[in-house]
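Beneath this line is the structure, given in structure tokens, with notes to follow.
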Amino acid sequence: MQKYLLDLNQEQRKAVMHKDGPLMVIAGAGSGKTRVLTHRIIYLLNEGINPFNILALTFTNKAAKEMRSRIENIVGDTVSKNLWMGTFHSVFSKILRFESEKINYPKNFTIYDTEDSKNLIKSIIKEFNLDKDIYKTGLIRNRISSLKNNFISYNKYIENNELNLQDQIAKRTEFARIYLAYQNRCHKASAMDFDDLLIKTYELLELFPDLLKKYQEKFKYILIDEYQDTNHIQYLIVKKLASKFMNICIVGDDAQSIYSFRGANIKNILNFKNDYPNYTSYKLEQNYRSSATIVEAANSIIKNNEQQIHKTVWTENQKGEKIIVVKTTSDNEEGKLVANTISDIKMRKQAHNQDFAILYRTNAQSRALEESLRKRNIPYKIYGGLSFYQRKEIKDLLAYFRLAINPNDEEALKRIINYPRRGIGLSTLQNLSLIANSNNTSIWETIINLDENSQINKGTKKKLNDFSILINEFILKSKNKDAYYASEEIAKQSGLFNELYNDKSPEGVSRFENIQELLNGIKNFVEHSEEESNKLEDFMQDVALLTDQDTENDKDFNKVTLMTVHAAKGLEFPYVFVVGLEENMFPNIMSSESQDSLEEERRLFYVAVTRAAKRLFLSFASTRFKWGQFIDSEKSRFIDEIDERYLEKHEHYPSFELKTSKKFVYNKKQPIVNKLQLNIKNRKLKKVTNISNNDFSDTAKIQNGMNVKHSSFGIGKVITISGEGANRKATVFFKGIGQKNMLLKFAKLEIIK
DNA sequence: ACCTCAAACATTTTT
DNA sequence: TGTTTGAGGT
């Protein structure tokens, strides 16, 4: 037997060595599902299947990358580099780059990210003069996205009475018009949003049978990871592609289906049998990841769900220690508890930072945790905030690149037409937009054909003309020169480089550094690509599809991980903290209405718990700071669903001493807060926070002419002082930075003698 | 056209 | 609490 097959158990091996025909692998958490997928690909390659004929669809780019490198280690990179591997979005965008002209899109189409989509919708709502409180951009975008993911086009939408009625009830009577306009504007801008990447692929395969045949024959073997989280349109595409050879292998776990808000349909996995009647299926039930306690506890959680494929996850691993459940008084206490416990374990068990993960339901919860980790000097990395490519300065520069590649890209144009300042303001832009809409062209087309328009005055025309000359130069450079040369030129000539260089505030400096980092990244890209594919266009291909997990660098190696439970799917850590286990938080208030969404929250909790290998810590806070207010909260029902045997409950975790006094201990007898009580609580807690800050006595000492030190601006001289007590302000001159006005209460200035 | 400041506003999860 | 929007001034 081949060496790589030896470390598989019997079921895993059967799945790996299944050669032809539909295959369904139901894999419990931690049962080695990625390993099966990887090994199966290696097996196919060893059987003589051409790597060109294998398509592997993963849930994240990172997963694809990791799988590819594992395969590469065994079969070598000449073979592995020819495998088609990636997310649905990235693989299909690649196909569209070849074929898009057939469906009337240029090959250099732009991919609009969520921010672009929202901005476009915002413009449309404004142009239609609609009430922005009824037509909320985020909501509209979500609705359009969900329609698209269910393959309901504008035409199908207007025929659908039920959907129309929903919008009537919500008073969004103009929704259809917005939907149509959105589609048209995307098309005019030669742009596709995330959902279009799927829809257009489907259309392509539907409209052109010869193309369908081509890709069916190309992808003779299709493997899909995390199948429980595919949505309807993805399902349709796969069904089409696989219908010829039926060599489709899906791997998934219905108990870990957590993306229904994105259109994921748990029925896809349940219906696999109907679509492929001659299927084979294997169940992987042995968990290799977690302690027996964690595995059993997870089982006791998921059994509360009604919808599921029956399976029993078991393990031979040691029992391990009990799961710690801790109640804390506030979110800050919770943060301290987590940070202290991490330090403690690091010392006693010789664990490293990268062994720890802190998981939460919503991104907003990260702040209290970050603060306490910082105070304890524990390095951490945080996912799900802004990814590198979504930072303002990066998006600004990328917008120039996008225009150089596709000048019709309206969102990119709007972003930078007046940044840096060139005196082309809002009213000019509105005018242009109006003309463009009435001529059914893009804004760019309108600008380069200005002479025919008399609505715009001469001065503005000159400015617009200069702008178009600039962009035309960028278009030429991006076509003829390598990406690094072109991008550097664009950064300089656009004025962006200077603009950021001249901003010497700490934020400005870091923005400038980010731009340099981006340019370095492009340099690196050029050095590692062939001459025919080292253009800006090649670099930009799927930048919009990258997430912060994909842009991880070496600096992030030994750090504690902070992320949402959603983002943690597929990962594992020795020590896991699941925080904020409170009613309305987890399960989230938005999901507590229907049985289905509650079951999904429970699956999410199941995912969180099963990330842990050695030890699991669950915590909840009895007050939480939200919207600038303290809100009382109660323990999550999910904690009570875990079998008591596996839990060890604490008011405070004993391994460290809490600094706060008993008076803040949550009072069980008064779960309902009245306003007065809340105010008292506020005051008390505020006091506690102030103690940890610099006290006022120090700020009162600061006088005119003194030299002071600021944490980020460095050393400066006090020029003026105004105000009293908490309102005491100072104007300070910092060398190389300039004057800053600051409230002494917050500024934490240190007096330098 | 652009800047500044105060008031209103918002909060699930993401390729 | 942090961010976005709108009014009003330059």
Side-chain angles (χ1 to χ4, degrees), chain A residues 57-64 86-93 111-115 117-118 122 126 132-133 136-139 141-142 145-146 148-149 192-198 226 229-231 233-234 257-264 331 359-368 371 383-387 389-390 392 418-430 459-460 463 542-550 563-569 580 584-592 597 600-601 603-605 607-608 624-631 682 686 689 741:
Chain A
L57 296 165
T58 57
F59 197 72
T60 60
N61 293 306
K62 195 182 168 202
T87 59
F88 276 87
H89 290 88
S90 71
V91 166
F92 295 142
S93 76
I111 300 173
Y112 274 179
D113 66 14
T114 310
E115 195 189 338
S117 297
K118 275 191 187 164
K122 201 189 246 172
K126 210 168 186 179
K132 65 175 168 43
D133 295 326
K136 295 190 173 161
T137 43
L139 242 126
R141 195 209 75 95
N142 285 344
S145 174
S146 119
K148 285 185 171 185
N149 279 309
M192 297 200 200
D193 66 13
F194 288 143
D195 308 316
D196 286 331
L197 295 176
L198 305 176
E226 310 279 9
D229 283 322
T230 51
N231 64 33
I233 186 82
Q234 292 169 329
S257 165
I258 55 174
Y259 277 93
S260 73
F261 71 91
R262 216 167 80 186
D331 45 355
L359 308 180
Y360 35 79
R361 175 67 238 268
T362 64
N363 284 308
Q365 285 166 265
S366 69
R367 205 193 301 186
E371 202 175 300
Y383 295 103
L386 274 189
S387 94
Y389 288 103
Q390 285 170 13
K392 186 191 170 297
N418 200 29
Y419 180 76
R421 302 263 117 77
R422 353 185 129 76
I424 305 171
L426 213 67
S427 50
T428 306
L429 200 59
Q430 273 169 353
T460 315
K463 288 173 189 163
D542 45 34
V543 160
L545 299 174
L546 294 177
T547 65
D548 44 1
Q549 296 210 24
D550 303 316
M563 53 169 54
T564 62
V565 183
H566 281 93
K569 190 168 82 152
N584 296 339
M585 196 72 175
F586 198 174
N588 195 271
I589 189 157
M590 312 296 271
S591 309
S592 51
S597 55
E600 175 145 320
E601 290 284 305
R603 291 193 292 270
L604 191 59
F605 184 51
V607 168
R624 188 166 284 280
F625 195 65
K626 216 179 171 186
W627 307 305
Q629 257 194 330
F630 287 93
I631 310 284
N682 274 353
K686 263 185 192 150
T689 30
N741 291 316

**Asked** Any ion pair linking A:Asp331 and A:Arg367 (charged N to carboxylate O, less than 4.0 Å)?
**Response** no
**Closest nucleotide among B:dT14, B:dT12, B:dA1 to the A:Thr362 side chain** = B:dT12
**Request:** To the nearest Å, give me how far apart CD (A:Glu601) and P (B:dT13) are.
**Result:** 11 Å
**Asked** Is there a side-chain polar atom (N or O) of A:Asn363 under 4.0 Å from OP1 or OP2 of B:dT14?
**Response** yes
**Message:** Side chain of A:Phe625, heavy atoms from C-beta onward: which of B:dT15, C:dT1, B:dT14 has the nearest atom to it?
**Reply:** C:dT1
**Request:** Without swapping roles, check the side chain of A:Asn61 against the backbone of A:Leu545 for a donor-acceptor pair under 3.5 Å.
**Result:** yes
**Message:** Nearest to the A:Arg367 side chain among B:dC3, B:dT14, C:dT1, which nucleotide is it?
**Reply:** C:dT1
**Request:** Please determine, for the side chain of A:Arg361, which listed nucleotide (B:dT14, B:dT12, C:dT5) has the closest atom?
**Result:** B:dT12
**Message:** Nearest to the A:Thr428 side chain among B:dT14, B:dA1, B:dT12, which nucleotide is it?
**Reply:** B:dA1
**Item:** Check ion pair A:Arg603-A:Glu600 (N to O, under 4.0 angstrom)
**Value:** yes
**Request:** Give A:Phe88 one of three labels, base, sugar-phosphate or nothing, depending on what nucleic acid heavy atoms sit under 4.0 Å from its own.
**Result:** nothing
**Message:** Under 4.0 Å, heavy atoms only, any strand: does A:Lys569 hit a base, just the sugar-phosphate, or nothing?
**Reply:** nothing
**Message:** Please determine whether a side-chain nitrogen or oxygen atom of A:Arg421 lies at a distance below 4.0 Å from atom OP1 or OP2 of B:dC3.
**Reply:** yes
**Request:** For A:Ser90, answer base if it contacts any base atom (sugar-phosphate contacts may also be present), sugar-phosphate if it contacts only those atoms, and nothing otherwise; contact means non-hydrogen atoms under 4.0 Å.
**Result:** nothing
**Prompt:** Where the side chain of A:Asn588 is concerned, which of B:dA1, B:dT12, C:dT1 is the nearest nucleotide?
**Reply:** B:dT12
**Message:** With a 4.5 Å cut-off on side-chain heavy atoms, are A:Asn231 and A:Tyr259 touching?
**Reply:** no
**Request:** Ignoring backbone atoms, test whether A:Thr564 places a side-chain nitrogen or oxygen under 4.0 Å from the OP1 or OP2 oxygen of B:dT14.
**Result:** yes
**Complete:** Rounded to whole Å, the CD1-P distance (A:Ile258 to B:dT15) equals 11 Å
**Asked** What nucleic acid atoms does A:Asn418 come within less than 4.0 Å of, heavy atoms only: base, sugar-phosphate, or nothing?
**Response** sugar-phosphate
**Fill in**
Testing B:dT14, B:dA1, B:dT15 for proximity to the side chain of A:Thr87, the answer is B:dT15
**Asked** Would you call A:Asp229 and A:Lys569 a salt bridge, using N to O less than 4.0 angstrom?
**Response** yes
**Prompt:** Stacking check: are the rings of A:Phe59 and B:dT15 less than 5.5 Å apart at their centres and under 30 degrees in tilt?
**Reply:** no
**Asked** For the pair made of CG in A:Leu359 and C1' in B:dT13, what is the distance, rounded to whole Å?
**Response** 13 Å
**Request:** Answer yes if the side chains of A:Thr87 and A:Ser90 hold a donor-acceptor pair under 3.5 Å, and no otherwise.
**Result:** yes
**Request:** Would you kindly give the NZ-to-C1' distance between A:Lys126 and C:dG6, to the nearest whole Å?
**Result:** 10 Å
**Asked** If you measure from the P atom in C:dT4 to the same atom in B:dT13, how many Å do you get, rounded?
**Response** 16 Å
**Request:** Could you tell me whether A:Lys122 contacts a base, only the sugar-phosphate backbone, or nothing, with contacts defined as non-hydrogen atoms closer than 4.0 Å?
**Result:** sugar-phosphate
**Complete:** Atom NZ of A:Lys62 and atom P of B:dT15 are separated, to the nearest Å, by 12 Å
**Prompt:** In whole angstrom, what separates A:Gln234's CD from B:dT15's C1'?
**Reply:** 8 Å
**Asked** In whole angstroms, how far is the C1' atom of C:dT1 from the CD atom of A:Glu371?
**Response** 12 Å
**Request:** For A:Asp195 and B:dT15, give me the distance from atom CG to atom C1', rounded to whole Å.
**Result:** 9 Å
**Request:** Identify whether any heavy atom of A:Thr114 sits under 4.0 Å from a base atom; if not, whether one sits that close to sugar-phosphate; answer base, sugar-phosphate or nothing.
**Result:** base
**Message:** Counting only side-chain heavy atoms from C-beta out, which of B:dT14, B:dT12, C:dT1 sits nearest to A:Ala567?
**Reply:** B:dT14
**Asked** Starting at the 5' end of DNA chain B and moving along, which residue's nearest nucleotide shows up first, A:Lys136 or A:Arg141?
**Response** A:Lys136
**Request:** Kindly give the heavy-atom pair with the smallest separation between A:Thr460 and A:Thr428, and that separation in Å.
**Result:** CG2-CG2, 3.4 Å
**Prompt:** OP1 or OP2 of B:dA10 sitting under 4.0 Å from any side-chain N/O of A:Lys626?
**Reply:** no
